[in-house]
Amino acid sequence: MEFYETTEKRRTVRTFADTLIAKEKIVRVLQAGLSAPTYNHLREWDFILIKDQETRFNIVKAEGIPDINNMPQFEQSLAAYDSLSKEMYLDAIPKQKSMLIRAPELLAVVFKPKTPVETANRVYDLNCLASVWCCIENILLALTAEDLCGVTYIPQKNVKVKEVLGIPEHLELAALIAFGCKAEDAKLIPQKKVYLKDKFHLDHW
């Protein structure tokens, strides 16, 4: 797949088919992640592929992801959002628990921080965080090139999820990525149309 076609085709999907993913594809995707730029050239990133269902359930339990039992009330809570954002949240939030448990593959992306995120005072302090998200973006594009789909999930109870996965204290969990083949009934939320001419500045704002 051509690179620019890949960037255009990439979409977030939260409902996956039961299709097993070939090990060779996963290896290529992770290798693409390791090819991302990194501020210190050390690529201090690690990956945990989470196959065990009990571990996945423990992640969901640690996160305390609630079931949305009252959709009208939930929809009302989004009244102030624009229509596309509202549509996205209405689709995304109720699926968070199921995608972490049922996705064919669940990947944890771990990084070594230069400065703990919670104590960072400058953008410079977040170089490690910026670098690992370059890695994550490469993974998402590689999934698309493999005709797969993925979605990132940033744990809110990061410390508890790290404990579930046995991640050493000095490392940080950047994100979980649920991925697999798109289910036939998966919903694709329309992208907000953004034009370069409205975002481009020359020399100054």
Side-chain angles (χ1 to χ4, degrees), residues 1 6-7 9-34 36 45-69 71 74 85 87-111 132-167 171-191:
M1 186 184 297
T6 303
T7 61
K9 187 177 178 182
R10 193 216 62 78
R11 289 291 181 273
T12 295
V13 166
R14 295 179 175 84
T15 309
F16 302 95
D18 293 331
T19 311
L20 295 177
I21 310 304
K23 180 181 177 181
E24 295 77 15
K25 288 191 173 188
I26 297 174
V27 169
R28 286 195 294 267
V29 165
L30 296 183
Q31 191 59 57
L34 287 177
W45 314 317
D46 289 273
F47 308 117
I48 305 172
L49 194 62
I50 307 161
K51 296 281 194 180
D52 182 63
Q53 281 294 305
E54 184 177 355
T55 301
R56 293 194 187 193
F57 277 112
N58 287 337
I59 289 172
V60 169
K61 183 179 178 181
E63 272 290 273
I65 301 174
D67 291 312
I68 306 297
N69 297 316
M71 284 303 294
F74 176 54
S85 295
E87 185 178 2
M88 183 275 293
Y89 282 117
L90 284 171
D91 180 68
I93 301 302
K95 293 179 180 176
Q96 287 184 335
K97 183 180 291 187
S98 63
M99 74 185 189
L100 295 177
I101 294 172
R102 298 176 185 168
E105 304 294 347
L106 182 64
L107 180 72
V109 182
V110 179
F111 72 103
V132 76
W133 275 93
C134 290
C135 168
I136 291 169
E137 176 68 5
N138 270 21
I139 288 172
L140 295 174
L141 291 174
L143 287 171
T144 304
E146 296 286 352
D147 204 25
L148 301 171
C149 297
V151 56
T152 55
Y153 177 88
I154 302 175
Q156 297 184 48
K157 308 290 177 57
N158 204 293
V159 174
K160 291 184 177 181
V161 176
K162 280 175 59 177
E163 289 176 358
V164 170
L165 296 174
I167 297 171
L171 301 179
E172 294 289 348
L173 174 58
L176 299 170
I177 304 176
F179 68 93
C181 294
K182 180 173 71 72
E184 289 186 8
D185 62 346
K187 186 172 184 178
L188 294 178
I189 305 299
Q191 300 288 299

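In what follows, residues are counted from 1 in the order of the sequence shown.
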May I ask you to decide if [Y]'s main-chain N or O and [X]'s side chain share a donor-acceptor pair within less than 3.5 Å?
X	Y	result
R10	E137	no
R14	D91	no
Q156	E63	no
N138	L34	no
K25	D147	no

Show the nearest heavy-atom pair for residues [X] and [Y], with the distance to one decimal.
X	Y	answer
P155	A175	CD-CA, 4.4 Å
Y89	P94	O-CD, 3.7 Å
L171	K162	O-NZ, 2.5 Å
P104	F179	CD-O, 3.5 Å
G33	C135	O-SG, 3.5 Å
I21	G180	CD1-CA, 3.9 Å

About how many Å separate [atom2] of [Y] and [atom1] of [X], when rounded to the nearest 0.5 Å?
X	Y	atom1	atom2	value
K9	T144	NZ	OG1	8.0 Å
K187	T15	NZ	OG1	10.5 Å
R56	K51	CZ	NZ	8.0 Å
F111	I167	CZ	CD1	10.5 Å
K61	K97	NZ	NZ	11.5 Å
M88	L90	CE	CG	9.5 Å

Do L165 and I59 have side chains that get closer than 4.5 Å, going by heavy atoms?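 Touching, per the 4.5 Å side-chain cut-off.
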Between P190 and E87, is any pair of side-chain heavy atoms under 4.5 Å apart? yes
Considering the options L141, L107, I177, which one meets the side-chain contact (heavy atoms from CB on, under 4.5 Å) requirement together with I136?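 Of all the options given, the one that passes is I177.
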With a cut-off of 6.0 Å (strictly less than), are more than 12 heavy atoms of other residues, nucleotides or ligands near [atom1] of [X]?
X	atom1	value
F47	CZ	yes
D18	CG	no
E54	CD	no
R11	CZ	yes
K160	NZ	no

Does the pair L143 and I139 meet the rule for a side-chain contact (heavy atoms from CB on, under 4.5 Å), with working shown? CA-CA 6 Å; L143 287 171; I139 288 172; 4.2 Å; yes
Going through the checks in order, is the side-chain contact (heavy atoms from CB on, under 4.5 Å) test met by L106 and T55? CA-CA 11 Å; L106 182 64; T55 301; over 6 Å; no
Passes side-chain contact (heavy atoms from CB on, under 4.5 Å), L188 versus K182? Steps please. CA-CA 10 Å; L188 294 178; K182 180 173 71 72; 4.2 Å; yes
side-chain contact (heavy atoms from CB on, under 4.5 Å) for L148 and C181? Distances and angles first, verdict last. CA-CA 5 Å; L148 301 171; C181 294; 3.7 Å; yes
Not counting sequence neighbours, which residues clear ring pair (Phe, Tyr, Trp, His ring centres under 6.0 Å) with F57? List them please. none
